[in-house]
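Structure, as structure tokens:
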Amino acid sequence: MLDIRRIAEDSHGVEEALRNKGVDAPVAELLALHEKRRQTVTEVEAKKNERNVVSKELGARKRAGEDISEQQYAMRELAEHIRGLDQEVRDLEERLYDQLLALPNLPHASVPVGADASGNREVRAWGTPRAFPFAPKPHWEVGQRLGILDFERAARLSGSGFPLLLGDGARLQRALIQFMLDLHTREHGYLEVAPPYLANPAAMTGTGQLPKLQEDMYQLPADSLYLIPTAEVPVTNIYREEIIEKPLPIRHVAHTPCFRREAGAAGKETRGLIRVHQFEKVELVKFVEPDRSYEELESLVSDAETVLQRLGLPYRVLELCTGDLSFAAAKCYDIELWAPGHDGWLEVSSCSNFEDFQARRAGIRYRAANGKPAFVHTLNGSGVALPRLLVAIIENYQEADGSVVIPEALRPWMQGQERIAPA
RNA sequence: GGAGAGGUGGCUGAGUGGCUGAAAGCAGCGGUUUGCUAAACCGCCGUACUGGUUAUCUCCGGUACCGGGGGUUCGAAUCCCCCCCUCUCCGCCA
């Protein structure tokens, strides 16, 4: 959520920043609501002061045995007036709040201006795609022949877009999760957490999934809960409505399943494991002091990159332009893996600095150097998402005979197994 | 799911209609004492909104907040209603 006072101070700057993100913000209307609310609050508070003063006086006179029924009648009218003004303030605040909740975050000044993904900038690339002596196959062919992926039976269970891993496929995924959790906790200083997979509307609003992205989520209306689309939601909301007293930064890593409806998506970009309704992900989340959040963003990206480097998978890092930034992000890097069978790049991580956007929505604060409460900056990034990581491993490490070599760095988590061969 | 108990400031814990933004203790901050540490003593010590003042971190007021929402009353932490959460017991269950 944006700070209405910041909008008031620099309405033109805010308008332009939002336009770069492709949003036409009703700034004038927001400011009018804000001003009207302030006036009404001032008015009702004066009335309440009067009520408090007179009530105290009436109490004393009543105890002294005076007849105060006439004044009580006048006070009843005052109370009625106050009730009306209170309602007016509530209405104004609700309208203002709803509008502010619908506004996306402002892009950071360093973010390149652009309308869509074509404006993204490659900041670096790592690794060299392997030269194949044969035509590399897509992962769904390799995986189905190995018997580690079964899309048809999965569809019978749940519908299309739900993965079913079998045997060494399931085992490979489990090993990758362990490998990543161990890496981030032992070498990168993250504290592992195992959060709930269902979250309430307040949590979803805190991180920015609500109100805009309601249609993208699986809902459980009987219990007013949503299945989490990412561990970002439960982990970031751990400190909702708190003034964090422990020292910052706080770095958390969590492995969770993620659920996304992905309504409308279909075609080449969704084949096999590339875009699914349910997937596993290891997520990194940070709570940091505002003046350190951009260096923490760089180290976050680097922590995710380490996973791919250890596994020997070629990737590139993109800096997203203003038009491609997600709703809540001020700045974001995507990491994309090379997938030779798919013959394209696959996003496996998205590392964002939300600055105080989520913190303001969720009420996550810390004590600044002057002892006053202030909003933290929140960041998160995948470290990394499993299905596309599996795709990249299967496609990059496939052999002519249809087997898949297990990356050396992963073998300790696979009890030394070196390859997945046809059964 | 059923029955009961309870939700007060960072923590513990008083408070059943006005004298309570809230006793007391702990923790924290500042100071005195001290060779250092500790102890002792003194003071400070919630959040948000809002008016004025001021150099953005100042100062002086006001309003609201004792799980959330609504109500009764001139006046509610305190009385009533609904909801949420925690604990105990029973039931169910991985």
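Note that the coordinates shown come from a computational prediction; the quantities given were computed from them, not determined experimentally. A, B, ... follow the sequence lines: proteins, then strands. Residue 1 opens every chain. What you see below is based on every heavy atom in this structure, not just the backbone, and it leaves out hydrogens, waters and symmetry mates.
Here A/Glu283 pairs with A/Lys281 under the salt bridge (Lys or Arg N to Asp or Glu O under 4.0 Å) rule; sequence neighbours left out. Every residue two or more places apart in sequence or in another chain that forms a ring pair (Phe, Tyr, Trp, His ring centres under 6.0 Å) with A/Phe162 is listed here: A/His277. Residues passing the ring pair (Phe, Tyr, Trp, His ring centres under 6.0 Å) test with A/Phe375: none are found, sequence neighbours excluded. In this structure A/Arg124 satisfies the salt bridge (Lys or Arg N to Asp or Glu O under 4.0 Å) test together with A/Glu305, sequence neighbours excluded. Listed by chain and residue number, A/His184 satisfy the ring pair (Phe, Tyr, Trp, His ring centres under 6.0 Å) test with A/His188 (two or more places apart in sequence, or in another chain). Under the ring pair (Phe, Tyr, Trp, His ring centres under 6.0 Å) criterion, A/Phe279 pairs with no residue at all, not counting sequence neighbours.
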Q | Footprint string (nucleotides 67-81 of chain B, 5' to 3'): B base within contact, S backbone only, - free, heavy atoms under 4.0 Å | A | ---S-S-BS------
Q. Where along nucleotides 48-59 of chain B does protein come under 4.0 Å, by heavy atom, of base (B) or sugar-phosphate alone (S), with - for untouched nucleotides?
A. SBSS-----SS-
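Every pair passing side-chain hydrogen bond (donor to acceptor under 3.5 Å, both in side chains) that includes a residue from residues 89-103 of chain A is listed here, sequence neighbours excluded: A/Glu29-A/Gln99, A/Arg37-A/Glu93, A/Gln87-A/Arg90, A/Gln87-A/Asp91. Screening residues 63-76 of chain A for side-chain hydrogen bond (donor to acceptor under 3.5 Å, both in side chains), with sequence neighbours left out, gives A/Arg61-A/Glu66, A/Asp67-A/Ser69.
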Distance-only donor-acceptor hits, side chain of residues 16-24 of chain A, under 3.5 Å, sequence neighbours excluded:
unit_1, atom_1, unit_2, atom_2, d
A/Lys21, NZ, A/Asn105, O, 3.0
A/Lys21, NZ, A/Ser326, O, 2.9
A/Lys21, NZ, A/Phe327, O, 3.2
A/Lys21, NZ, A/Ala329, O, 2.9

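Helical stems of RNA chain B (runs of at least 3 Watson-Crick or G-U pairs, donor-acceptor distances under 3.5 Å) are listed by first residue: B:1-7 with B:84-90, B:10-12 with B:24-26, B:28-32 with B:40-44, B:46-52 with B:59-65, B:67-71 with B:79-83.
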